[in-house]
Protein chains: 4
Amino acid sequence: MPRFQEKRELSINKLVEVALRLFASKGYEATSIRNIAGEAGMSLGLLYNYFKSKDELLEEIFRRSVEDIHASFVQSPEVGGSGIEQHIRQTVKLLKEKKDFWKLLHGIRIQSEVVRQLMAEMQEQTAYIEDRIRQNLIVAGIPFPDLEAKLLFASIDGMASHFLLYDNYPIDDVASLLIMKYKK
Amino acid sequence: MPRFQEKRELSINKLVEVALRLFASKGYEATSIRNIAGEAGMSLGLLYNYFKSKDELLEEIFRRSVEDIHASFVQSPEVGGSGIEQHIRQTVKLLKEKKDFWKLLHGIRIQSEVVRQLMAEMQEQTAYIEDRIRQNLIVAGIPFPDLEAKLLFASIDGMASHFLLYDNYPIDDVASLLIMKYKK
Amino acid sequence: MPRFQEKRELSINKLVEVALRLFASKGYEATSIRNIAGEAGMSLGLLYNYFKSKDELLEEIFRRSVEDIHASFVQSPEVGGSGIEQHIRQTVKLLKEKKDFWKLLHGIRIQSEVVRQLMAEMQEQTAYIEDRIRQNLIVAGIPFPDLEAKLLFASIDGMASHFLLYDNYPIDDVASLLIMKYKK
Amino acid sequence: MPRFQEKRELSINKLVEVALRLFASKGYEATSIRNIAGEAGMSLGLLYNYFKSKDELLEEIFRRSVEDIHASFVQSPEVGGSGIEQHIRQTVKLLKEKKDFWKLLHGIRIQSEVVRQLMAEMQEQTAYIEDRIRQNLIVAGIPFPDLEAKLLFASIDGMASHFLLYDNYPIDDVASLLIMKYKK
DNA sequence: AATGAATGAGACTTCATTCAT
DNA sequence: TATGAATGAAGTCTCATTCAT
């Protein structure tokens with residue numbers, strides 16, 4: 001019965017979507033399973049048919065989001081320019097597209113009690129991103145690429161934080177300015 | 001009876017110190033009042049003699065920390081160099097000195113909810129800092145000081161995040177590199 | 001699934017019944033939620049599935065009781081005699097049938113605080129009853145019906161209090177005597 | 001040192017007065033010892049120097065009030081008229097003078113968990129009052145004095161309840177009407 | 001006499017999770 | 001698949017009371 005499979009996926013997608021939204025706006029701890037099931041229009045029991053625990057739901061959110069982001073970074077660039085420019089533009093694009101996930105991530109990454117495991121996996125992603133940045137800096141012939149990579153990564157991350165934090169943050173302008181610094 | 005006052009302040013200081021440490025490491029929501037009182041070596045009831053609620057304890061932590069930080073920024077600089085250099089060095093110094101508070105802040109600022117009030121007050125501090133940065137950029141004769149201020153603020157914030165996030169983060173080196181970019 | 005509805009109603013009815021009994025005998029404040037759940041043979045958590053708070057449970061008790069009483073007063077009289085006689089007899093009948101509710105009401109009505117809202121609604125009922133009494137007095141051609149209504153209402157209320165207060169209170173005899181005073 | 005004695009009595013009087021006011025307005029259970037000490041302008045410890053417990057404070061309130069009321073009933077009448085008239089007028093007078101105590105009493109007498117002992121003592125007073133009423137009825141030559149006493153007592157009690165319950169209750173008028181019924 | 005620090009039990013309430021249907 | 005009844009631990013907070021000073 002493919003119908004069952006369909007419904008199953010529909011429900012799971014709905015749950016992931018709702019949970020991400022709530023985790024992003026209220027925080028992981030402050031969001032209750034009841035709240036999620038309610039907003040998703042389904043019962044507590046059904047939620048537990050799909051996810052063994054609240055943690056597992058969080059993990060699934062991370063899995064999906066990280067996968068999407070990774071794919072987006074790896075695949076042929078959707079934005080033009082040099083390597084660095086592409087990287088920054090791509091990051092900004094993803095920030096806008098997946099604002100809720102970034103909010104969740106930024107809100108959870110420092111106090112990772114529940115999510116130590118997830119964070120370990122994230123670390124890999126982080127290292128990968130920093131490495132990409134370094135590669136691009138090397139290509140651009142910038143000196144001290146290791147340290148520069150750390151700085152650029154931090155700058156991008158800070159920009160992201162402020163975008164998530166403040167309304168009407170002119171992220172495109174700030175990004176452009178940042179890109180300019182690495183031109184020539 | 002100054003003895004009461006003494007004991008009172010001792011208890012309050014201990015509570016604020018312990019709560020800050022726990023909030024920083026486990027997060028505000030995940031830290032229980034019982035946990036705080038226990039680590040502070042006192043009973044639940046005593047905590048509530050001094051703080052009407054968990055929120056109020058958090059507020060007191062913020063009040064004290066923000067006050068310290070503000071004072072530290074305003075007073076005669078303890079680190080040398082140009083305006084921008086001073087600002088960055090001072091920030092790094094404070095980051096190291098008040099690591100727990102920054103952890104708490106970075107872990108709480110995105111999903112406010114409980115702390116919308118506090119965040120509103122923080123906003124003022126934030127605006128003040130961004131303005132200081134802009135002033136320094138103007139003095140240094142840097143074009144687009146508004147946008148540059150946003151970028152520099154973001155870079156510093158991102159650097160701080162990574163310092164809080166990763167062990168052995170070479171913040172002094174990254175800071176030096178950042179300072180260099182605004183020299184000459 | 002009517003099964004859920006059934007169970008739900010069963011639990012709610014049980015809770016309302018037990019809570020009324022306990023509130024009546026020990027008072028609202030002195031009765032704990034744990035006590036209620038325990039006597040009702042269910043867990044604390046289940047109670048909170050049905051009632052958001054202790055107050056709401058009290059409100060439900062009031063809602064149901066007031067509704068019953070109102071219905072009983074409005075519907076065709078189950079006791080004979082003149083208007084006044086009917087009113088008094090009906091009151092006595094209800095007193096016996098809903099002794100617990102009257103106990104709760106008499107024990108709570110003076111120090112409202114929690115139940116100011118409920119009391120405001122009760123006031124309407126009270127006014128309605130006093131008005132009914134006045135109508136009956138007018139029909140019976142008794143002078144000063146306004147004041148007489150207040151007095152008769154007070155007498156009935158006092159009789160009720162003493163019935164609730166003292167064991168073996170001869171309420172039927174006292175009621176008969178009271179009725180006699182308004183005959184002829 | 002009579003000064004100590006003086007201060008002691010002053011403090012005790014203040015506590016009794018404040019506690020009575022708070023018990024009357026919020027109820028016994030809902031009033032905290034802290035609240036009482038605070039409103040009386042003294043420390044928790046001092047309160048416990050004078051009263052071993054919250055119960056004992058309540059007992060003292062009852063002792064004093066009952067004594068006052070008893071004295072007032074027993075002593076030469078301050079209001080004129082026949083026995084019944086005197087009794088009713090005197091009751092109304094006391095109601096006005098000791099409104100808080102009556103509120104407390106009416107709010108506590110039905111659910112007497114804490115105060116079973118006190119209520120037993122009150123019962124004596126009650127019996128005494130009912131007996132006085134009966135004596136007066138006998139003197140007035142009214143038939144069925146036993147039952148009439150119960151009814152009149154209930155009427156007076158109900159009047160009192162309504163006076164305590166409703167603002168601007170015309171108790172004097174209602175009392176006059178009640179008195180009239182027993183004239184001739 | 002007088003203070004208020006200190007305690008711990010217990011109050012109300014929420015929550016993640018399990019289970020019978 | 002789907003429901004929501006049911007649980008019990010744990011959370012925040014209040015309270016009467018004791019005690020050192």
Side-chain angles (χ1 to χ4, degrees), chain A residues 1 3-5 7-8 10-11 29-38 42-55 57, chain B residues 1-8 10-12 29-37 41-57, chain C residues 1-8 10-12 29-37 41-55 57, chain D residues 1 3-8 10-11 29-38 42-55 57:
Chain A
M1 272 73 169
R3 293 301 302 275
F4 287 160
Q5 198 59 24
K7 286 181 103 178
R8 185 185 168 83
L10 230 64
S11 290
E29 305 277 356
T31 301
S32 75
I33 286 284
R34 249 195 168 73
N35 199 189
I36 295 168
M42 66 187 72
S43 67
L44 271 177
L46 190 52
L47 187 154
Y48 274 92
N49 270 5
Y50 300 135
F51 299 99
K52 273 211 304 280
S53 70
K54 196 182 175 185
D55 282 17
L57 180 47
Chain B
M1 278 71 177
R3 294 309 299 273
F4 286 148
Q5 195 60 23
E6 263 177 52
K7 285 187 138 189
R8 184 186 170 84
L10 229 64
S11 292
I12 291 182
E29 304 277 357
T31 301
S32 78
I33 285 283
R34 189 166 247 101
N35 199 188
I36 295 168
M42 63 187 74
S43 68
L44 255 172
L46 188 53
L47 187 154
Y48 278 94
N49 269 8
Y50 300 132
F51 298 98
K52 278 210 297 276
S53 67
K54 196 181 174 185
D55 282 17
E56 208 177 70
L57 178 48
Chain C
M1 278 72 174
R3 295 307 300 275
F4 286 147
Q5 196 59 24
E6 263 177 51
K7 283 187 139 187
R8 184 186 171 86
L10 229 64
S11 291
I12 291 182
E29 304 277 357
T31 302
S32 77
I33 286 284
R34 188 166 246 100
N35 201 189
I36 296 168
M42 63 187 75
S43 69
L44 256 173
L46 188 53
L47 187 153
Y48 278 93
N49 267 9
Y50 301 132
F51 298 99
K52 278 210 297 278
S53 68
K54 196 181 175 185
D55 281 18
L57 178 48
Chain D
M1 270 77 167
R3 294 299 301 277
F4 288 159
Q5 198 59 24
E6 264 176 49
K7 288 182 101 177
R8 186 185 168 85
L10 230 63
S11 291
E29 305 278 355
T31 301
S32 76
I33 287 284
R34 249 194 168 73
N35 198 188
I36 295 167
M42 65 187 74
S43 66
L44 272 177
L46 191 51
L47 185 153
Y48 275 93
N49 269 4
Y50 300 135
F51 299 98
K52 273 211 304 278
S53 68
K54 194 180 175 185
D55 282 17
L57 180 47

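Just so you know, these numbers come straight off a predicted model, no measurement behind them. The sequence lines fix the lettering, A, B, ..., with proteins before strands; numbering per chain opens at 1.
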How does protein reach along nucleotides 13-21 of chain F, written 5' to 3' as B (base within reach of a heavy atom under 4.0 Å), S (only sugar-phosphate), or - (no contact)?
BB-BBB---

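Going from atom CD of B:Glu6 over to atom C1' of E:dA6 covers 17 Å, rounded to whole Å. Spacing between atom CG of C:Leu57 and atom C1' of E:dT13 amounts to 14 Å, rounded to whole angstrom units. Whole-Å rounding puts the C:Ile12 CD1 to F:dA5 P distance at 8 Å. Atom pair A:Leu47:CG and E:dC15:P shows a separation of 15 Å (rounding to whole Å applied). Counting to the nearest Å, the C1' atom of E:dG8 and the CE atom of B:Met42 are 15 Å from each other.
Among the protein residues, B:Tyr50 comes within range of the sugar-phosphate backbone only, with heavy atoms under 4.0 Å from sugar or phosphate atoms but none that close to a base.
Looking at C:Phe51 and C:Ile12, their side chains come closer than 4.5 Å, going by heavy atoms from C-beta outward.
Residues D:Glu29 and C:Glu29 come closest through the heavy atom pair CB-CB, 3.4 Å. The heavy-atom pair separating A:Arg34 from C:Asn49 by the smallest distance is NH2-OD1, 3.1 Å.
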Which string of ( ) [ ] | and . matches DNA chain E, if you list each base 5' to 3' and count Watson-Crick or G-U pairs only when both distances are under 3.5 Å?
.||||||||||||||||||||

For D:Arg8 and D:Ser11: C-alpha separation, side-chain torsions, deciding distance, then whether side-chain contact (heavy atoms from CB on, under 4.5 Å) applies.
CA-CA 5 Å; D:Arg8 186 185 168 85; D:Ser11 291; over 6 Å; no

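To the nearest 0.5 angstrom, B:Leu46 atom CG is 9.5 Å from B:Lys7 atom NZ. To the nearest 0.5 Å, atoms OG (A:Ser32) and CG (A:Leu44) are separated by 8.5 Å. Taking CG of C:Leu47 as the reference point, atom CE of C:Met42 lies at 7.5 Å (rounded to 0.5 Å).
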